[in-house]
Amino acid sequence: MLHFNPVEYNNWLIRLDIIDSTNNYAMQLLQDGMAQSGTVVSAKFQSAGKGQRGKLWRSSPGQNVAMSLILADMQHMDMFRLAFLVPVSVRQVLQSFMPECQVLIKWPNDIYVNDRKICGILIENVFRGSSLRSAVIGIGINVNQSDFGLPDKVPTSLLLETGRAHVPEDIIAAVRAAVLKELDRSSGSLQQEYNRFLWKRDTGVRLGMATSGELLQGTVQEVNADFELVVRRDDGELCRFSFGSVQWL
Ligand code: BTN
């Protein structure tokens with residue numbers, strides 16, 4: 001059964017009915033010095049949910065997870081370790097809620113089931129000098145939505161994949177616990193797990209260069225320690241792509 005009510009769920013969760021973006025709300029808390037590490041902001045509905053590359057993140061009211069986890073005053077974190085850590089943790093959680101499915105990570109940080117997107121992640125980093133100090137980790141998970149009203153690139157949800165409804169708050173709690181648990185894990189070990197579940201690994205793909213629009217065909221090798229996608233082009237050349245420089249076609 002779904003249970004949404006306006007009361008506090010517990011002492012680490014700020015649950016809102018409606019907000020423009022939980023990431024914006026969480027970032028404001030962080031900037032005002034009002035945020036404790038581990039605080040989560042969630043909302044039943046976001047009027048201007050933020051996606052990757054300036055896109056809007058749309059989600060039906062009350063059916064899904066829209067959460068932002070605040071990590072404040074981190075001491076030994078770097079951007080790449082966090083970039084591996086978050087999808088690895090979220091993938092583990094979704095896998096545990098849907099053991100019958102294969103849950104994979106699509107570089108850079110989408111979660112896919114049966115070649116369809118079930119979760120998107122938007123990490124907003126705060127640096128002091130060159131050190132990563134804090135971050136707002138925005139996570140949108142399709143939980144109980146079954147109709148996305150989209151003609152192509154149709155997303156999926158836990159309900160569609162498992163045939164069961166799930167309680168969004170249970171998933172929020174599990175995601176928070178998984179991210180906090182993995183905070184001390186080494187980059188190497190996180191990178192290994194990320195690559196173990198990398199979508200399209202060892203598979204032929206077509207990519208489009210973001211700036212030139214040029215097309216490339218090749219086979220996905222791995223994501224390297226600098227969080228670059230490594231692809232062997234069909235002519236044999238090994239290419240590395242940084243975040244934002246290519247699009248999946
Ligand atoms: C993407 O795949 O484009 C990333 C989507 C991230 C969406 C989540 S929902 C909760 C949090 N608040 C936002 O405004 N965006 C993230």
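For this chain, numbers begin at 1 and follow the sequence in order. Both ligands and their constituent atoms are indexed starting at 1 by order of listing.
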Anything under 3.5 Å between an N or O on ligand 1 and a protein N or O? List each pair with its distance, or write none.
from     : atom 1 : to   : atom 2 : distance (Å)
ligand 1 : 2 (O)  : K117 : NZ     : 2.6
ligand 1 : 3 (O)  : Q52  : N      : 2.6
ligand 1 : 12 (N) : T22  : OG1    : 3.0
ligand 1 : 12 (N) : Q46  : OE1    : 2.9
ligand 1 : 14 (O) : S21  : OG     : 2.7
ligand 1 : 14 (O) : Q46  : OE1    : 3.3
ligand 1 : 14 (O) : K50  : N      : 2.7
ligand 1 : 15 (N) : K50  : O      : 2.7

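- In this structure, E100 pairs ionically with R164, as a charged nitrogen and a carboxylate oxygen lie closer than 4.0 Å.
- Side-chain contact between F243 and V223 is absent, with no heavy atoms from C-beta onward closer than 4.5 Å.
- Take K106 and apply the salt bridge (charged side-chain N to carboxylate O under 4.0 Å, His left out) test, not counting sequence neighbours, and it matches no residue.
- By the 4.0 Å N-to-carboxylate-O rule, R185 lies close enough to E182 to be salt-bridged with it.
- Residues N142 and F148 meet the side-chain proximity criterion, which asks for heavy atoms closer than 4.5 Å.
- Residues N114 and T156 fail the side-chain proximity criterion, which asks for heavy atoms closer than 4.5 Å.
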